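Presented below is the structure to which this report refers.
All values derive from a computational prediction rather than experimental measurement. Proteins come first, then strands; the chains are lettered A, B, ... in the order of their sequence lines, and each starts at number 1.
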Amino acid sequence: GESVGLHLPTLSVQEGDNSIINCAYSNSASDYFIWYKQESGKGPQFIIDIRSNMDKRQGQRVTVLLNKTVKHLSLQIAATQPGDSAVYFCAENIGTGFQKLVFGTGTRLLVSP
Amino acid sequence: DAGVTQSPTHLIKTRGQQVTLRCSPKSGHDTVSWYQQALGQGPQFIFQYYEEEERQRGNFPDRFSGHQFPNYSSELNVNALLLGDSALYLCASSPGPRAEAFFGQGTRLTVV
């Protein structure tokens, strides 16, 4: 499955840098993808989503890119801030008719002041 | 406007016992999904409820069951608890079965 164990991949950046977090998804039929941010002791928080008929979507300081050819998603965070430090998960919807999210390998983002 | 609320926040149970976790969806949301998140891992889908019926189910045994009430709130029941059931249980609600899901803070279940 998508579980990663206790040692999450970690991305360390300096405040003000741009961050890029990558994710490989498994199902070529997935039609909807979401990035979530999870801070310690909290539930996942929605960041941005994208449907499979798009390859790019922008939000406030965040951009999601979707490459269906290689089943790859990325999350770009501009001008990263210490408050962005968290674990980031991508999720794909593999449900038909109803939503069934499969979460990818989480990435821990550490932002240094 | 309250978001997704779950109760209790923490719970300790003994192996073999049964547990019920509760979820109130965000206002205006009629669909509830439950996820299990083991320490250091991503959430894993348990099941989704819409119109008071289970609509989708993940790879979880029948010991895991649920219910959705007419007011859209939901319960997750786990019977015959195992040590491996220790996890953060997350509820997510959405305004429809294929819409954006909002997560609650979760219930931390510890089985001893």
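- Using a 4.5 Å cut-off between heavy atoms, A99(B) contacts chain A through its backbone alone, with no side-chain atom that close.
- When heavy atoms are compared at a cutoff of 4.5 Å, E100(B) approaches chain A by way of both its backbone and its side chain.
- Residue K68(A) places its NZ atom among more than 12 non-hydrogen atoms of other residues, nucleotides or ligands, all under 6.0 Å distant.
- Both the backbone and the side chain of Q105(B) come within less than 4.5 Å of a heavy atom in chain A.
- Ring geometry for F103(B) against Y36(A) counts as perpendicular: the plane angle is over 60°, on a 0 to 90° scale with 30° as the lower cut.
- The candidate with the highest count of non-hydrogen atom pairs below 4.5 Å against chain B, out of G43(A), G95(A), A91(A), is G43(A).
- Around CD1 of I12(B), the count of heavy atoms belonging to other residues, nucleotides or ligands within 6.0 Å does not exceed 12.
- Contact check on D84(A) versus R61(A) returns a salt bridge, with a Lys/Arg side-chain nitrogen under 4.0 Å from an Asp/Glu carboxylate oxygen.
- Taking the six-membered ring for Trp and the full ring otherwise, the centers of Y35(B) and F103(A) sit less than 6.0 Å from each other.
- For chain A, no part of F47(B) is nearby; none of its heavy atoms comes within less than 4.5 Å.
- A distance of 6.0 Å or more separates the ring centres of H29(B) and Y72(B).
- The part of R57(B) that comes within reach of chain A is its backbone (N, CA, C, O), which places non-hydrogen atoms under 4.5 angstrom from that chain.
- Contact annotation for Q45(A): neither backbone nor side-chain heavy atoms come within less than 4.5 Å of a heavy atom of chain B.
- Of the two parts of F89(A), only the side chain, counted from C-beta on, holds a non-hydrogen atom closer than 4.5 Å to a non-hydrogen atom of chain B.
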